[in-house]
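Remarks on the structure that follows.
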Protein chains: 2
Amino acid sequence: MKHIAESTVRRLSLYLRFLEEFEAHGHQTISSGELASQGGTTSAQVRKDLSFFGSFGKRGLGYSVNDLSSRLREILGLGRPWKVVIVGAGKIGAALAQYRGFRERGFRIVGIYDVDPQSIGLALDGVTVRDQRDMEADLASLHAEIALLSVPAEVAQPLTDRLVAAGIGAILNFASTPLHVPPHVTLRSVNMALELEILSYALVNRDA
Amino acid sequence: MKHIAESTVRRLSLYLRFLEEFEAHGHQTISSGELASQGGTTSAQVRKDLSFFGSFGKRGLGYSVNDLSSRLREILGLGRPWKVVIVGAGKIGAALAQYRGFRERGFRIVGIYDVDPQSIGLALDGVTVRDQRDMEADLASLHAEIALLSVPAEVAQPLTDRLVAAGIGAILNFASTPLHVPPHVTLRSVNMALELEILSYALVNRDA
DNA sequence: GTTACTTTGTGAAATCATTCACAAGCACCC
DNA sequence: GGGTGCTTGTGAATGATTTCACAAAGTAAC
Ligand SMILES: NC(=O)c1ccc[n+]([C@@H]2O[C@H](COP(=O)([O-])OP(=O)(O)OC[C@H]3O[C@@H](n4cnc5c(N)ncnc54)[C@H](O)[C@@H]3O)[C@@H](O)[C@H]2O)c1
Ligand SMILES: NC(=O)c1ccc[n+]([C@@H]2O[C@H](COP(=O)([O-])OP(=O)(O)OC[C@H]3O[C@@H](n4cnc5c(N)ncnc54)[C@H](O)[C@@H]3O)[C@@H](O)[C@H]2O)c1
């Protein structure tokens, strides 16, 4: 299939969230315009985004909420549960481990690792923090696909290399340092300090 | 000035980080190519990004690390300290409150608010969690410019409205719900579940 | 001062993403 | 069953961003 822009995938993910809300409210169908207004985009954008994957609507009527949400789940790979490990059980790692939003979406935390003896042994939402030395062996048996990396910046790249060597498929990095991974591994970063700097820029250039 | 793309601002922020590392290593000058390789972009991109704001380099030599980093700080509005409040002292809010990376960049946490009596009174990194009912009065006296919103999704919009009414300039939203603000307020969202879904998509479509 | 070499700054070209605009399809009603 | 109204799906147009490519400007060496 043709390459899909990241912005499109991000919006699909948003559409799915709105569809689930609509589903909860008992609505059967939804138009591209309704979907658009929720997500702050346009109806043409919604239709274009969906058109990359097929034709899911009925002209004159809109989309079946149920059908479209299950198609989107399929497209996004949310049909199956994903196994996730957290590396670094510090403040942000602990918050992530206890975040219910991940589990609800089918992301199951199957392992948490740290070096600090103070953290090792702690149970976070039913998962016990283990020594980072056990990480490779666990990954070999668990076959986790995704890692959340929440360790200090200095050790982020070495740990990334270990995760890659252990066969991880994707990494979500929270450390404020850019990481390098081979092309078969998907990497994304959440950089909160950078988000604040973008806000700072906007505040300073408000009327420019 | 012409409108600057968000992607450009994001990269400027990254360049600044690399420049600071270079500075720490005692380097005097840096070329667009070196800056690019750190940030995973191209030298032409670096030069184009900078060219929107002026000519900061010397042909044949590159950029003065010191000059460029102070120019970038100025452009990004990092010359002054920013006053930040955190709304919601739960797991993620507490992690944010204790994160050193913000303070290092000039973002000073001047207030933390919650409803839960269990949280109110707690000191997080020297700042005491206060009752959310005090928020408006505090904002009027503190003049904080930025709010970090880390409350449950259900109350995110009402709290946003209160922050906007109290004169906040920018909001960084961590709740997984889209928020609406008037045009003079800058809003950005960090949506971690959505980031994971993008990874999920990538894993499923690896060889597509 | 001249030559050889490096790197910037920037129009022009290419690529990528969004918006427009409308024919085609379907529901509903009489 | 034909007409009316609504909404999709999609090429074409527009707009935005990135990449190219090169003249201009600087350094350094002799
Ligand atoms: N706290 C925040 O709000 C926040 C915000 C943005 C970014 N971050 C980034 O997230 C990362 C973690 O931040 P934090 O605030 O949770 O810090 P933290 O110090 O609370 O947690 C880091 C954890 O990593 C563990 N660790 C260190 N080396 C390790 C190793 N080799 N293997 C396994 N675990 C190891 C530490 O023992 C510690 O528990 C940092 O890179 C930080 O820049 C944090
Ligand atoms: N924990 C995570 O890793 C994580 C990840 C992504 C997104 N989020 C989002 O961040 C938000 C907070 O998550 P959390 O895990 O910290 O939850 P949490 O329940 O630990 O924290 C929420 C806090 O908000 C407070 N609160 C509720 N109503 C309030 C009000 N009206 N005024 C002030 N404070 C109020 C609660 O008392 C609580 O302390 C949620 O929207 C969640 O979806 C969390």
Side-chain angles (χ1 to χ4, degrees), chain A residues 1-15 18-19 22 27-72 75 178 198 201-202 205 208, chain B residues 1-15 18-19 22 27-69 71-72 75 198 201-202 205 208:
Chain A
M1 184 194 291
K2 208 178 109 252
H3 176 256
I4 302 296
E6 184 199 303
S7 50
T8 293
V9 178
R10 166 169 259 111
R11 282 190 301 267
L12 292 180
S13 204
L14 278 175
Y15 302 155
F18 302 141
L19 286 167
F22 257 69
H27 292 76
Q28 302 289 310
T29 59
I30 190 172
S31 70
S32 57
E34 290 172 292
L35 220 32
S37 68
Q38 292 285 315
T41 181
T42 66
S43 64
Q45 181 77 81
V46 171
R47 295 197 300 276
K48 181 64 86 179
D49 285 340
L50 297 175
S51 79
F52 294 129
F53 300 94
S55 306
F56 310 128
K58 277 203 171 50
R59 294 174 188 222
L61 190 59
Y63 301 88
S64 152
V65 172
N66 256 274
D67 288 1
L68 185 56
S69 60
S70 61
R71 282 300 281 117
L72 285 181
I75 290 167
I198 298 176
Y201 174 84
N205 295 278
Chain B
M1 182 194 289
K2 207 178 111 253
H3 175 255
I4 302 296
E6 183 199 304
S7 51
T8 293
V9 178
R10 165 169 259 111
R11 283 189 300 266
L12 291 180
S13 202
L14 278 175
Y15 302 156
F18 303 142
L19 285 167
F22 258 68
H27 293 76
Q28 302 289 310
T29 59
I30 190 171
S31 70
S32 57
E34 290 170 293
L35 220 32
S37 70
Q38 292 285 317
T41 181
T42 65
S43 64
Q45 180 78 80
V46 171
R47 295 197 301 276
K48 181 63 87 178
D49 286 339
L50 296 175
S51 78
F52 295 129
F53 300 93
S55 304
F56 310 127
K58 276 202 172 50
R59 294 173 188 223
L61 190 60
Y63 302 87
S64 152
V65 172
N66 256 272
D67 290 0
L68 186 56
S69 60
R71 282 299 282 120
L72 285 181
I75 290 166
I198 298 175
Y201 174 83
N205 296 277

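These numbers come from a predicted model, not from an experiment. Letters A, B, ... mirror the listed sequences (proteins, then strands); counts begin at 1.
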So which one's nearest nucleotide on DNA chain C is more toward 5', B:Gly62 or A:Arg11?
B:Gly62

Calculate the interatomic distance between B:Phe56 atom CZ and D:dG26 atom P; express it in whole Å.
17 Å

Looking across every strand, which nucleic acid part, if any, lies under 4.0 Å from B:Ser43 by heavy atom: base, sugar-phosphate, or nothing?
nothing

List every contact pair, protein side and nucleotides 12-14 of chain C side both N or O, where the distance is under 3.5 Å.
none

Of all the heavy-atom pairs spanning B:Leu72 and B:Leu19, show the shortest one and how long it is.
CD1-CD1, 3.6 Å

A:Phe53 side chain near A:Ile4 side chain, heavy-atom distance below 4.5 Å
yes

How many whole angstroms separate atom CG of A:Asp49 from atom P of D:dT10?
13 Å

Are side-chain heavy atoms of B:Lys48 and B:Ser51 found at a separation under 4.5 Å?
yes

Note, B:Phe22 side chain near B:Ser69 side chain (heavy atom, < 4.5 Å)
no

What string of B, S and - do you get for nucleotides 25-30 of chain C, 5' to 3', when a contact is any protein heavy atom under 4.0 Å?
BB----

Would you compute the distance between atom CG of A:Leu12 and atom CD1 of B:Ile198 and round it to the nearest 0.5 angstrom?
10.0 Å

Decide yes or no for B:Tyr63 and B:Arg47: does some side-chain heavy atom of the first lie under 4.5 Å from some side-chain heavy atom of the second?
yes

Among C:dT18, C:dA17, C:dT10, which is the nearest nucleotide to the side chain of B:Ser51?
C:dT10

Between D:dG15 atom P and B:Glu6 atom CD, what is the distance in whole Å?
21 Å

Could you work out which one of D:dT10, C:dT8, D:dC20 sits closest to the side chain of B:Tyr63?
C:dT8

Side-chain heavy-atom pair A:Tyr15, A:Thr41 within 4.5 angstrom cut-off
yes

Would you classify A:Phe52 as touching base, sugar-phosphate or nothing, given that sugar-phosphate means primed atoms plus P, OP1 and OP2, and contacts are heavy atoms under 4.0 Å?
nothing

Can you check the A:Arg47 CZ to C:dA24 P distance for me, whole Å?
16 Å

Output for pair (A:Asp49 CG, A:Arg10 CZ), nearest 0.5 Å, gives 12.5 Å

Once you round to the nearest 0.5 Å, how far does CD of A:Gln45 lie from CG of A:Leu35?
11.5 Å

Sorted by number, residues from residues 29-42 of chain A placing a heavy atom under 4.0 Å from DNA chain D are A:Ser31, A:Ser32

For the student: nearest non-hydrogen atoms of A:Phe56 and A:Arg71, plus distance
CE2-NE, 3.3 Å

How close or far is atom P of D:dT17 from atom CZ of B:Arg10, stated in whole angstroms?
13 Å

Does B:Ser7 put a side-chain nitrogen or oxygen below 4.0 Å from OP1 or OP2 of D:dT18?
yes

Heavy atoms of B:Ala36 and B:Ser43 approach each other most closely as CB-N, 3.5 Å

Has the side chain of A:Glu34 got a donor or acceptor atom that lies under 3.5 Å from a matching backbone atom of A:Ser31?
yes

Heavy atoms from C-beta onward define the side chain here; which of C:dT19, D:dT18, C:dA21 lies closest to that of A:Gln45?
C:dT19

